[in-house]
Amino acid sequence: MNINFVIASKNPKELTEFYAKINSDKVNKGFNATHYFISLSNRSKIHFYRPNKNHEWQRKGNSTSLCFQREPCEDPSKIIESWTSEILKIGGSAMGISKLAKFGCEQWMLDPEGNQFLILVPYLLKGSDKEALFWP
């Protein structure tokens with residue numbers, strides 16, 4: 001079984017292109033002209049679609065979020081700063097300032113349609129198992 005994610009969007013192609021750039025991936029055409037997806041490394045996919053016009057759709061807040069994670073490093077703040085800058089250039093926006101914590105550095109972001117997502121870079125601790133720190 002694969003676990004996939006879906007994001008309802010007013011402009012699914014453009015939003016797919018935004019996330020493809022963050023994930024260094026390509027846009028794939030879906031079932032029709034209003035459905036696109038990107039593939040994740042673990043065989044899962046993020047699907048972007050425009051809801052049926054007969055379907056009442058209102059954004060009532062986010063209860064889940066995408067989290068994009070880079071490999072652990074010794075200076076996660078530097079990576080987050082650079083990554084945030086890249087995302088701003090392609091139409092995203094930062095929510096507040098990045099947070100440095102014991103586990104690493106994180107920054108909450110908004111995509112061009114106002115969906116929240118998290119970017120995360122954990123610390124690489126000396127003597128730690130890098131695989132244990134890298135969420136699949």
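- When side chains are defined from C-beta on, Ile79 does not count as touching Cys105, because their heavy atoms never get closer than 4.5 Å.
- In this structure, CD1 in Ile119 is found 11.0 Å from CH2 in Trp108, a value given to the nearest 0.5 Å.
- No side-chain N or O of Gln107 forms a donor-acceptor pair with one of Thr84 less than 3.5 Å apart.
- To the nearest 0.5 Å, atoms OG (Ser39) and CG (Asn23) are separated by 9.5 Å.
- Following chains of ILVMFWY side-chain contacts shorter than 4.5 Å, one cannot reach Val6 starting from Val27, and the two form parts of different hydrophobic clusters.
- Contact check for Trp83 versus Ser85: no side-chain heavy atoms found under the 4.5 Å cut-off.
- No side-chain heavy atom of Leu40 sits less than 4.5 Å from a side-chain heavy atom of Asp25.
- Checking Asp111 against Tyr19 by side-chain atom types alone, a donor-acceptor pair falls below 3.5 Å.
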Residues Leu110, Asn115; criterion side chain to side chain contact (heavy atoms under 4.5 Å, CB included); working and verdict = CA-CA 5 Å; Leu110 293 172; Asn115 299 303; over 6 Å; no
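- Here the closest non-hydrogen pair linking Ser77 and Leu100 is OG-CD1, 3.4 Å.
- Side-chain contact of Asn11 with Ser9: a donor-acceptor pair under 3.5 Å is absent, judged by distance alone.
- The structure places CE of Met95 at 10.5 Å from CG of Leu118, a figure rounded to the nearest 0.5 Å.
- A heavy-atom distance below 4.5 Å is found between the side chains of Ile90 and Phe18.
- Residues Lys10 and Glu113 have side chains in contact (heavy-atom distance under 4.5 Å, counting atoms from C-beta outward).
- Residues Leu124 and Pro72 approach most closely at CB-C, 3.8 Å, considering heavy atoms.
- In this structure, Glu106 and Ile80 approach most closely via the heavy-atom pair CA-CD1, 4.3 Å.
- Taking hydrophobic clusters as Ile, Leu, Val, Met, Phe, Trp and Tyr residues chained together by side-chain heavy-atom distances below 4.5 Å, Phe5 shares a cluster with Phe48.
- Salt-bridge check for Arg70 with Glu86: passed, with a basic side-chain N closer than 4.0 Å to an acidic carboxylate O.
- Using a 4.5 Å heavy-atom threshold, the side chains of Leu66 and Phe68 count as touching.
- No side-chain heavy atom of His35 sits under 4.5 Å from any side-chain heavy atom of Pro12.
- Contact check for Glu74 versus Tyr123: no side-chain heavy atoms found under the 4.5 Å cut-off.
- Residue Leu88 comes nearest to Ala94 through the heavy atom pair CD2-N, 3.7 Å, listed as atom of the first residue, atom of the second, then distance.
- Counting all heavy atoms, side chain and backbone alike, Lys29 lies closest to Tyr36 at CA-CD2, 4.1 Å.
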Stepwise, does the side chain to side chain contact (heavy atoms under 4.5 Å, CB included) test hold for Val121 with Gln69?
-> CA-CA 6 Å; Val121 180; Gln69 180 182 334; over 6 Å; no
